[in-house]
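First comes the structure, then the notes that go with it.
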Amino acid sequence: MTRKLILAIVCLALLLGLLIRASSGAMPNPFLDYQNLGLWVGAALTLFALSFLYGDNPFFRFTEHVFVGVASAYWMVQGFWGTLVPKLLANLAPEIAVSLFRMDFPVGVPWTRRLLYALPLLMGGLLLTRLHPRARRAGSWTLAFLVGITAGLRLIAFLDAGFMTQIQNSVVSLVAVSRSGFDLGKSLDAILLTGGVICCLLYFFFSRRESGPVALAGRFGLAVLMVTFGASFGFSVMGRVAVLVGRMEFLLHDWLGII
Amino acid sequence: MSLVAAVPRGIVLVVAIVLIVAMFVPPLEPLREEFSLFFNIIAAFAFVLGGASLIGRHARKIRRRASGYGYSVVCIGAFGITLAAGLLKLGNPTGIGGDVTARGSVFAWIVRYVFGPADSGLFALLAFFIASAAFRAFRVRNRESTIMLVTAFLLLLGRTFLGGLVTSWLPDRLEAFELPNVIPWIMSVPLKAGSRAILIGVAVGAIATSLRIILGIDRPYRGEGK
Amino acid sequence: MVQLGRWAVMNVTGRRCIYLGMLLAVTVPMIWRISFKEHPTPMVRDIFATIEKLPKNARVLFVCDFDPASAAETRPMEDAFARHLCLRGVGLYCLTLWPTGPIEIDRTIRDVIALEFPSYRYGQNFVNLGYMSGNEAVVAVALTNFKKAFSTDVHNISTHDASRLPMMVPIEDLASFDLIVDVSAGYPGLNEWIPYGAIPAGVPIVGGSVAVGSPEIFPYIPEQCGGILVGVKGAAEYEQLLLEQYPQLDRPECRIALERMGPQTVAHLMIIGLILLGNGIHLWRRHKEAAA
Amino acid sequence: MALALALLAPPAAASMPIAHSTPSPPGANVVTVPAAVAPPTEVRASDRPNDNGGAVILDWQLSADDRPQHGLVTGYEILRAPAPAGPYRLLGRVEPGTSHFVDIFAGRGKPFYYQVAALAGTTRGPARPVGPAVATAQWFNHRRLNMLAFAVLLAAAILFGIRSARRGALPRLRELPGVGAVEAAIALARERNRPVLFITGSEDLNDIQTLAGLSVLKEVAGRTAAEDVPLRVPHMHSLVMTAAGDTLEEGRAAAGKPAPVDPDENFYLCDEQFGLVAGAGGIMYRERPAACFYFGSFYAEALALGEIGQTVGAVQIAGTGQASQLPFLLATCDHVLIGEELFAASALLSRDPAQLGCVRGQDLVKLLAIGLIGLGCLLATLAQVTGWGPLIPAWDTLRSLFRTG
């Protein structure tokens with residue numbers, strides 16, 4: 001209890017200090033306009049989010065719930081204004097969008113197109129039967145429709161970009177020739193690259209034995225994969241730190257005004 | 001298996017086959033485009049279900065006065081305000097037909113000062129997590145972890161000014177082994193090999209999974225069950 | 001399947017010490033403005049040269065595939081590219097495949113194009129086509145019919161409107177562009193624009209990527225992609241080149257990435273130190289166990 | 001490689017007109033404008049093949065006045081009319097030196113006549129109409145014949161695996177310790193009387209990895225139901241949540257413990273990746289799950305989830321095809337399924353013959369990939385080293401097998 005009281009007094013003192021600093025003009029004054037208030041709200045939420053490092057606490061919990069609420073609504077709004085209106089309504093009944101939302105859509109949509117776009121409307125409607133516990137089965141038709149789309153689109157997409165293109169990129173001459181003739185370094189690189197790809201693929205073999213030449217190649221493949229992971233770990237530290245730097249800039253520059 | 005229960009399997013089969021065939025038949029090709037758009041449209045419908053789940057879960061907590069139900073009030077409040085501000089375009093200077101994130105609208109304010117800071121604040125946690133993960137995971141434990149440790153160490157070193165210094169004592173003859181030259185090599189040879197193999201492997205797995213779904217061996221929707 | 005072994009659960013204090021160290025490693029160099037000079041790598045020089053040799057009337061598709069959450073890394077690249085492209089006087093066609101991307105395009109237009117290049121006119125020198133949902137499907141449509149994928153700009157002006165958007169007249173498909181510049185922070189991004197857009201259209205592409213996503217782009221370099229700026233370091237190297245070529249840019253807002261490299265370096269050194277410390281403790285323990 | 005490419009390159013440079021760039025003396029910039037510029041020759045208009053109609057390709061030989069330097073031609077104008085006599089409407093302009101244009105507004109089945117005229121400043125040179133050209137739709141895209149062949153080949157290999165497994169020839173597959181650890185982790189959760197957390201990634205239902213994650217969830221649902229362990233499945237997408245609800249019911253029904261899905265165990269958080277981190281992180285801190293499973297497509301949130309799970313001391317098992325996130329999962333989780341292993345996990349958990357056979361089929365496909373890479377590299381190397389004529393077209397044919405577009 002005493003600890004909480006001390007903590008509350010320290011927090012209040014800090015807040016008071018900041019407010020005095022703000023009223024003196026060194027920091028954005030939250031009572032001046034909405035933008036300055038926004039900076040304070042943003043700074044508070046940033047600090048609350050970072051407080052998670054100390055462990056779960058009421059400040060973090062508050063931010064968690066605000067963020068989940070705002071973010072889910074944000075995406076729903078985007079789904080409505082970014083997809084349902086311009087993609088569905090504009091193809092199905094643009095007249096409604098034009099008269100209701102005063103939006104600039106062409107109204108002369110042929111009836112075949114309208115009929116085609118009745119399909120997602122129907123499927124979307126079926127999905128909403130999920131809200132009623134007894135009419136749930138129809139919703140799985142929509143899910144089946146979506147899963148069918150995914151399987152149909154992805155099968156070809158992975159065949160194209162993942163399988164054929166990657167093999168095409170791997171089919172190279174293992175002997176590199178530069179202007180001055182045979183290039184040993186580049187040739188070794190090409191051999192290592194091709195060998196690495198093949199060994200990694202052998203590592204992924206599910207029906208291989210625990211020993212033997214395939215397993216040996218697989219172990220080399222695993223080593224290549226570990227190099228890949230180590231490298232991309234070391235490489236991404238910068239990106240993560242950059243985000244923190246950005247946040248600190250916001251706190252120290254935009255809000256506190258000390259740098 | 002009753003006829004009605006077989007409908008979802010039939011839908012998957014027909015839709016998937018049509019979309020695969022469309023890749024090879026030019027008059028059908030626009031369907032691939034339209035159907036991926038259909039996915040997005042139906043996903044937008046599904047937000048209603050998501051919203052119902054979110055509100056339902058928190059409303060139950062409030063009704064039961066479960067511990068920490070105050071946070072649920074905060075969550076539903078934040079959700080409701082943002083949704084109203086966005087759907088009705090409250091305070092939007094461009095009116096109901098304008099851009100939803102137009103400057104000056106309530107929604108834009110929320111995005112800029114609530115959504116943005118909280119999002120990047122949570123993202124910034126990763127800088128701390130990556131440090132503790134590096135401390136804990138990069139140990140000389142077995143062969144695999146040592147290889148990963150050494151590569152990560154070299155990469156980290158190379159991202160600082162130390163990268164050029166630690167190997168500058170090497171004679172010119174061994175220039176290729178200087179750290180600033182080793183890192184691009186790692187990125188363009190082993191890393192390329194590893195990521196290419198992962199790409200091929202994932203493609204094979206994805207193709208097989210697609211086939212399993214088309215054939216009805218995998219059913220991520222409700223199949224014949226009750 | 002890989003298992004590196006079950007880690008000993010770190011105690012709470014140790015973890016908090018690491019967190020505190022990280023906080024100091026980042027804030028101290030920011031407050032005392034510690035920064036280091038960058039030495040641009042050949043790939044960054046290549047990207048710079050690609051833009052430097054664009055003709056005056058070139059058309060550049062300027063894609064901004066990131067959101068405010070990843071802006072710390074991508075914003076300096078976006079600004080440096082925008083500045084360089086405007087200095088070259090090329091036509092800029094801005095768009096994004098990220099729902100939250102329009103915020104970033106607006107900011108670039110406001111803070112860089114409108115502020116530093118007042119001669120740039122909307123519709124003539126640059127156009128903001130905004131966000132389009134559909135990820136790589138949008139790229140696939142734009143490939144053959146650009147105006148079908150982007151029928152209006154953000155102000156709801158039709159892209160067929162030759163009087164208000166004259167710069168859209170010569171645009172038919174992706175091949176109508178001389179260069180694609182994509183700053184991306186994940187999906188959708190370069191990994192979609194290169195295979196579905198740049199390669200089939202035969203348009204050169206350069207860009208920038210957050211460091212974490214860059215290994216996925218490396219397989220495309222140099223054959224299908226001219227090069228990428230990687231993370232803040234890439235952006236800092238690019239800023240260094242811009243400053244060397246255009247000394248008039250020596251202003252604080254043009255050195256953002258260069259200044260951000262200060263805390264980066266210290267943070268990297270701290271993690272290096274942590275790895276050494278961790279292994280030191282580990283080996284010492286192993287030695288003690290062996291002795292016991 | 002450079003050698004082989006040089007051998008393959010068509011002798012294009014020889015036919016290019018070479019400009020005589022005699023430097024003109026200063027002050028001699030007098031331009032004499034002739035009556036008209038020479039028209040482009042051999043103008044041809046034809047339907048664009050392998051498409052859905054709508055496009056006509058125009059090709060021509062450059063005008064005699066179109067030279068890299070001191071050329072009169074400043075561009076070409078392409079005009080179109082429904083009849084040879086006109087009226088002709090301007091379709092577009094192209095730069096000098098261009099000999100190709102695609103009319104993408106040709107509709108389908110409508111005959112059109114075209115004119116290609118050279119421009120000299122504002123003067124348009126003479127042009128003769130060509131045509132009629134009709135844009136038609138083709139019923140098969142011949143450029144994708146190779147892709148179709150691969151699709152059939154791969155499907156056949158996988159179907160063969162499934163078929164032989166269904167007939168009883170179960171393949172012997174290597175053990176993935178991560179898969180075995182799933183059951184151990186659930187047993188641990190029962191022992192500690194703690195829930196299990198399952199996350200199906202941060203992509204929507206249109207990602208195959210999400211579907212693979214759902215298949216794993218089905219197995220986990222059955223096992224947790226059998227052991228009476230509570231399950232927590234937070235989601236980033238409403239559709240995935242809906243599908244996961246069905247998956248949970250199916251998994252339980254298959255394990256003989258049918259039970260309706262509690263809205264507190266399968267729920268939606270928000271569509272934002274860090275919303276998932278905040279929400280799932282909060283659950284981890286408050287409910288202290290004994291095990292966390294991450295199967296699906298992950299981005300930046302992978303490190304945060306893994307690290308929070310570490311902090312609360314959960315056993316963590318992950319599987320993803322996102323190469324960029326694998327290092328972080330490796331550094332935070334106890335077991336990680338790398339790339340393709342994610343797609344095999346549900347098969348190994350369920351021991352369903354058809355699924356196991358499918359995994360065997362995947363091996364066949366990889367074998368094919370290795371063979372093709374090996375053969376291609378061998379051909380390319382031999383072609384380069386020996387320079388033997390017939391090898392080069394052979395290698396080129398093999399390479400073109402993988403060309404997509």
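Naming: A, B, ... by sequence-line order, numbering from 1 per chain. When reading the values below, keep in mind they use all heavy atoms of this one structure, side chains included, and skip hydrogens, waters and symmetry mates.
- Contact between Ala134(B) and Ile275(C) at its shortest, heavy atoms only, is O-CG1, 4.1 Å.
- Contacts between Met43(C) and chain B at a heavy-atom distance below 4.5 Å are absent for every atom of the residue.
- At a heavy-atom cut-off of under 4.5 Å, chain C is reached by Phe115(B), Asp119(B), Ser120(B), Phe123(B), Ala127(B), Phe128(B), Phe129(B), Ile130(B) from residues 115-130 of chain B, listed in order of number.
- In this structure, Thr101(B) and Thr100(C) have side chains that are not in contact, with every pair of non-hydrogen atoms separated by 4.5 Å or more.
- Across all non-hydrogen atoms, the minimal contact from Ser132(B) to Ile18(C) is N-CG2, 4.0 Å.
- Sorted pairs that involve residues 96-112 of chain B and meet salt bridge (charged side-chain N to carboxylate O under 4.0 Å, His left out), not counting sequence neighbours, are lacking altogether.
- Panel note: side chain Arg139(B), backbone Gly278(C); a donor-acceptor pair is recorded below 3.5 Å.
- Scanning residues 28-53 of chain B against chain C with a 4.5 Å non-hydrogen threshold yields Glu33(B), Ser36(B), Asn40(B), sorted by number.
- Two residues are said to be in side-chain contact when any heavy atoms from C-beta on lie closer than 4.5 Å; Leu156(B) and Leu269(C) fail this criterion.
- A donor-acceptor pair under 3.5 Å is absent between the side-chain atoms of His268(C) and the main chain of Arg159(B), judged by distance alone.
- Heavy-atom distances place the side chain of Asn156(C), and not its backbone, under 4.5 Å from chain B.
- Residue contact with chain B, scored on non-hydrogen atoms closer than 4.5 Å, is absent for Arg107(C).
- Annotation: residues 21-29 of chain C contacts chain B through Met22(C), Leu23(C) [non-hydrogen atoms, separation under 4.5 Å].
- The shortest side-chain heavy-atom distance between Ile272(C) and Phe153(B) falls under the 4.5 Å cut-off.
- Proximity of Phe138(B) to Leu274(C): side-chain heavy atoms (C-beta onward) are nowhere separated by under 4.5 Å.
- Listed here is the closest heavy atom pair of Gly158(B) and Lys233(C): O-CE, 4.3 Å.
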